[in-house]
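Indexing begins at 1, ligand by ligand and atom by atom, following the structure's order. Bear in mind that the values here come from a model prediction, so they are computed numbers and not experimental data.
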Amino acid sequence: MEQKIEKRIEELTKILNQANYDYYVLDDSKITDQEYDKYLRELEELEAKYPHFAKEDSPTKRVGGEVIASFQKVEHKIPMLSLGDVFNESEIISFDASVRKVVPNPTYYCELKIDGLSVSLRYEKGILTKAATRGNGVVGEDITHNVKTIKSVPLKLKEEIDIEVRGEIFMSKKTLEKINAEREKENLPLLQNPRNAAAGSIRQLDSKVAAKRNLDTFIYHLPNPEAYGFSYHHEGIDFMKKLGFKTNPNNRLVSSISEVLDYIAEKQELRPSLPYEIDGIVIKVDSIASQQKLGFTARTPKWAIAYKFPAEEVLTKLTDILFTVGRTGQITPNAVLEPVIVMGSTISRATLHNEDYVKEKDLMINDIVSIRKAGDVIPEVVSVKKERRDGSQIPFQMITHCPICGDVLSKKEGQVDYFCLNEKCPARKVEGFIHFVSRPAMNIDGFGARIMEDLYNFGFIRSIRDIYDLKKHREDLIRLEGYGEKSVDNLLESIEKSKENSLERLLFGLGIVHVGSKTAKILAEHFQTMENLMQAPLSTLVEIPDIGMTIGKSVVEYFAKEENRKLLEDLKALGLCFTYKGGPVLENSEFQGKTFVLTGTLSKMGREEAKEMIEARGGKTSSSVSSKTGCVIVGENPGSKYEKAKELGIPIWSEEEFLGKL
Ligand code: IVH
């Protein structure tokens, strides 16, 4: 009798696991839902009565129920790495070029980049024993109880082997929609995207929650293929498929980078019709020996990259609107967003420019907004999803007082911006100091905004002159948390070096109203020394081309103030250079009157230096490409500006050509 029951349990387990595999891995079910349920119920009843006969790969384990107290740490013996991202064709071609330097004729394996979270699965003698998140790559968290509920993860493999495989856990678009429809009915906050939904489901202590979320997997990585006798990545994929894992049917072996580009175009078209979200394409060198030759950087393999699809608009919640005070006292509203990843970086803030901008877009706190990264870096709020308002929205209210010093804000007739006019406002002062040390001004290396804020808050810096007195506090600085001896010494050295800067940098750094870097250059060149400029009457100033009444008045006003004259006296005593070091503007017809845009990294000079060179030859620089752009100078790893220039047919110079023209 007992023997018969044991056999039946074994039989039912087999039937149900096969049905699961057919349905969830092969997407080809052979029995009806009713039949499945009938077998499952029979098995549940038998297991309840005879628990000692229950198999370790019993499908009843998938329904969840196991509740853990906390997530245990799991060490990844082979670190779980992430991939380097690229965003355009030329970066893909650079990747191919860097591979070719080591491997002459690479064959690539292309895969979809599944938008989910990575998982490591360990099997002993064919039985799933441990599932873990990536964590920091070296130590992850044990999520075995939840992963067992995922139907496409085999609890038992087709072979009784020890193996670790890695892949992605994800939620289908349909499931996300369904869950959100239910959550909406229950007035619960909606899951924002499949990635967060999958991650949220996996980070549950109670596996019943994960079981209900209908998660799925694709397996794409065998960490140690050599151990199984494989010489190619694709052999590992085929092997994992044979063992019972779900691998992606879109994977393709290609023999050239142009085929990679075709694959990308094809899959980009396929993307909307896929039942799950992908955010790019993964390109891997197929040969394991070649992979080993190419090796790794600290965090990513050099034999693979992820091509990310172009800026998608991403939905997130606008949780608050905070106001910041700029150097000139200008008040800017900023969107505080529930963090989301847009083009590879986490966005949690976006500028909202001014009151009118917020009102035009009709933004309310707690709105779901669509955001994207404009151009290369700056994230922006594109629009608001009014249909997703749920009554929790709070209307936007412009502030009337400075959020830092509390002074009443002022707004000039016909202008959009509010200003804090208190010159002693701490926010304005700190922003002014940050401007002083910034790249286009005194260019003090290693002096970022955070350090300045710290040093202001600790009381080390209350005036520009204090920056040059910091060396007196060397010991105190070293003792501050997060400031090692080396970084303090580097900073102090950069500060000393900045004393030698040519006059225009200091002039720009002072933050005189209406004196931008170009005006500073004109003034420095014209007057040659700070003393000459300080004595110049308005009538002399306005005679200089490009210097109008507004700038002239502002300059005279600045130097008329006793405190400013005292500051300059102190800076001179501290040893700052008060003379113009640059030569006269060089005549060069290649640059004269043309607008240049730089993209990518130049190897022979910094961006600021390149700009100076262009401007010294009568050219202008701009940060965005338009039909008015005269020429785009392309360094290594260029961004979308390069693409745009090609599209618009704008002349393109490589760094070498640029140097030649100089
Ligand atoms: S390969 C060393 N292949 O993308 C190899 N990753 O940014 C590491 N991902 O952490 C991963 N689809 O979570 C690989 N077909 C795929 C992938 C993929 C999605 C994720 C994975 C990884 C991240 C890298």
Residue pairs fulfilling salt bridge (Lys or Arg N to Asp or Glu O under 4.0 Å) with at least one residue in residues 245-264, sequence neighbours excluded: D216-K246, R252-E266
Selection from H221, K308, K284, H233 by shortest heavy-atom distance to atom 3 (N) of ligand 1: K284
Nearest neighbour of atom 9 (N) of ligand 1 from the list F170, Y220, F218, on a heavy-atom basis: Y220
Polar contact flag for E111 and ligand 1 (N/O pairs, less than 3.5 Å): yes
No-hydrogen, no-angle side-chain donor-acceptor test under 3.5 Å, T149 and S207: no
Short N-O contact, D85 and K308, less than 4.0 angstrom: yes
Heavy-atom gap R166 to ligand 1 smaller than 4.0 Å: no
Close approach, N251 and ligand 1, non-hydrogen under 4.0 angstrom: no
Protein contact to atom 7 (O) of ligand 1 [nearest heavy atom, distance to 0.1 Å]: L83 N, 3.4 Å
R134 near ligand 1 by a heavy-atom separation under 4.0 Å: yes
Element-labelled atoms of ligand 1 that are located less than 4.0 Å from some non-hydrogen atom of V282: 3 (N), 15 (N), 16 (C), 17 (C)
Polar proximity ligand 1 side, I114 side, N/O cut 3.5 Å exclusive: yes
Polar contact flag for E168 and ligand 1 (N/O pairs, less than 3.5 Å): yes
Check: V369 main-chain N/O paired with D367 side-chain donor or acceptor under 3.5 Å: no
E111 side chain to H233 side chain, donor-acceptor N/O pair below 3.5 angstrom: yes
Test log, rule salt bridge (Lys or Arg N to Asp or Glu O under 4.0 Å), inputs E56 and K61: CA-CA 8 Å; E56 42 201 347; K61 294 208 164 84; over 6 Å; no
Plane angle bin for W303 and H221 - parallel if under 30°, tilted between 30 and 60°, otherwise perpendicular: parallel
Distance-only donor-acceptor check, side chains D286 and T107, under 3.5 Å: no
Atom 8 (C) of ligand 1 - nearest protein heavy atom and its distance: L81 O, 3.7 Å
Element-labelled atoms of ligand 1 that are located less than 4.0 Å from some non-hydrogen atom of L112: 12 (N), 15 (N), 16 (C)
